[in-house]
J.: 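What follows is a single structure, and I will ask about it in a moment.
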Amino acid sequence: MPAPELLERLAGAIVRLSKSEAAAAAEAALAAGLSPYTIIADGLSRGMQTVGEAFRRNEVFIPEVLVACDAYYAGLNVVKPLIDQNDQRRFFAKMVIGTIHGDIHTVGKDVAVPVFQAAGFQVIDLGTAVPDQQFVAAIREHQPELVGLGTYMTATFMHTRATVDAITEAGLRDQVKIICGGPSVDAETARRMGADDASDNAWDAVEKMRALVAALRQEKAARA
Amino acid sequence: MSEVVDRWVEALQGKLAPIGTMTHWQRLEAAFHGRPSDLVPVAPELDYWQIVYAGYTHPEIYNDVDKTTDACLKTWADLRTDAIWMYVDISHQIEGFVPKEERAEKFILRGDKDYLLFKPLAHTLDEAIALFEDRVWEKYGGDSRAVTHYTPHMLQLLEFQEKMGRQVPVIVGAATPTNQAETVVEVQEFVKWMITEPEAKVRHFLELCLQERLEALDFYRDFGYANGLRFFCCFGGARTWGPKQLAQFADVDARFVEKAASIFPNVLWHICGHNLPEAMQWVGAQEGIHAVQYDMPYYTQTLSWREWCESIARLYAGKKCACNAPTTQLACYGTPAEVEVAAQEFIEATLPHTTAVVMPGCEIDAYAPAENVRAMIAAARRYSGGA
């Protein structure tokens, strides 16, 4: 099957909400010699973008988006082990993400991760209920430009400050921009707690993340 | 007979300065039924906030019914809202599904001012169905906190309500079938199953949840209504569903509401989060619901706060009392001035079309400043209630 058709099949699997089809299409694309990056960026991610556009037009809703995310992960898991250094350099920016300690909800993050990946971010997902020091260790290990702090509840969002403080105390605050995400976040409060921005919508968050990365790069260039 | 209740009754009976010309009960009841009231009622769902406000920590009240009730009554005595919301946490809802020896693993308490968080009780639809087919609550519920904490706390508050001559109503709520379905497995899993699992299997699970919830209503009739409970809140699930899922499955909640309305004369529907327009219309069509505690516009709606409130007021004109404002986020993060403006905008946008109750769409967060709660009360007290 030619590459354009393989990529169309990948994107279509996401839009059709089919995990099995997405995994099979990813296998087929790899077998045809497409790179993991191409499979993600031009296949799976394009499918997620299409789902996002349909969400904005009220043609699909949260349940469909969540299942689309599962389909995306099914394809991604096939190619993930094969992403090499060359592929990684083609991402726009690297991000570490997780819901903060005490918050076990995955619903927001499960949507955010594929949307961010679809937008060209390499996302290292630390999971849920992530202790502050695990964020610190992940920043040291992966050297991201962005840290995403997910919270589902208002109560846990209020703990964002503790996580930001841990990153600051570790001497890493000026290496990253921090964005909060989840249904109950508020940008002004996020900034008051030491983060840089917040968004309750994964697609809107992408624009904010691009702006934050650009600002960080300018700051780093000015410091150099 | 409860010592903590008697202490508060003695302290307050005949000593409370009147607010307006109606009692709190009369004011809230009038608004629920579309009648004029002297003032716009204000009844924020204070829930865990009142525990913190009263100076208690979560570990202090977790197994101490008297302290829990004391916190609610102290808060009401200070703030004089138009209803007392009983304290409720997630353990009340699901502990009865869990064997005693496994409960500690299922709950997470992060700190003194945090809610109790929980882990899913089932990871597949088959496991979830088994929980309900096996009626596990009959096995494990007897010593759960629903029995040891929730029920005595509810009865104490109702005792206070009755001894105070029904000046102020107690609001007690229960999860609807869709809420229960989502809670035992975590929302995101259930929401996905509505698409990925056979419709008949999802339907079977929801029917089991409905049966369990209808039996729960028997409890609220025998222990709540029989002891004076008249204001009942249905904590609706389905908050992240799309129109298709609502059309397929929301009827189980309608059947729950029908029975709730046959017991209680004042039924409130709680739908928090980003409210889907179709969900708001669905609620509006349910005859048993008198008032709707709604929240924020759906993600893709581009409405100002005032426009949003007005759109709901128009939708519910002649049918439902609208309850909202400020958002729980603003109540927690905003300034008192911002809170007042949000409450005023809600009232002014709503009253031309239907009655209004200042009642944020979700529970007030434990971190919300007391000044913000006072600000929403002050805003409501400046308006007479329309019809």
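Every chain is numbered from 1, with letters handed out A, B, ... down the list of sequences. The structure displayed is predicted, hence computed values, not measured ones.
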J.: Could you tell me the separation between the OG1 atom of B/T196 and the CG atom of A/L17, rounded to the nearest 0.5 Å?
T.: 10.0 Å
J.: Counting only heavy atoms from other residues, nucleotides and ligands, does the tally under 6.0 Å from NZ of A/K19 exceed 12?
T.: no
J.: Do other residues, nucleotides or ligands put more than 12 heavy atoms under 6.0 Å from A/E188 CD?
T.: no
J.: Considering only heavy atoms, which portion of B/Y298 lies under 4.5 Å from any heavy atom of chain A: side chain, backbone, both, or neither?
T.: side chain
J.: How far does OH of B/Y299 sit from CZ of A/F61, to the nearest 0.5 angstrom?
T.: 13.0 Å
J.: How long is the gap from CZ on A/F157 to CG on B/D365, to the nearest 0.5 Å?
T.: 11.0 Å
J.: How many angstroms lie between atom OH of B/Y333 and atom CZ of A/R192, to the nearest 0.5 angstrom?
T.: 10.0 Å
J.: Examine whether an atom of B/L330 lies under 4.5 Å from a heavy atom of chain A, and if so say whether it belongs to the side chain, the backbone or both; otherwise answer neither.
T.: neither
J.: How long is the straight-line distance from SG of A/C69 back to CD of B/Q188, given to the nearest 0.5 Å?
T.: 11.0 Å
J.: Could you tell me which non-hydrogen atom of B/T300 sits nearest to which non-hydrogen atom of A/F55, and how far apart they are?
T.: CG2-O, 3.4 Å
J.: Which atoms of A/D200 come close to chain B, meaning under 4.5 Å heavy atom to heavy atom: side chain ones, backbone ones, both, or neither?
T.: both
J.: Tell me if the CD atom of B/E102 is crowded by more than 12 foreign heavy atoms within 6.0 Å.
T.: yes
J.: Is B/W241 close to A/I62 at the side-chain level, that is, under 4.5 Å between some pair of heavy atoms?
T.: no
J.: Could you tell me whether B/K201 atom NZ has more than 12 heavy atoms of other residues or ligands within 6.0 Å of it?
T.: yes
J.: Taking the side chain as C-beta and beyond, is there a heavy-atom pair between B/Q245 and A/E64 under 4.5 Å?
T.: yes
J.: Can you tell me how far apart CG (A/N201) and NE2 (B/H274) are? Round to the nearest 0.5 Å.
T.: 8.0 Å
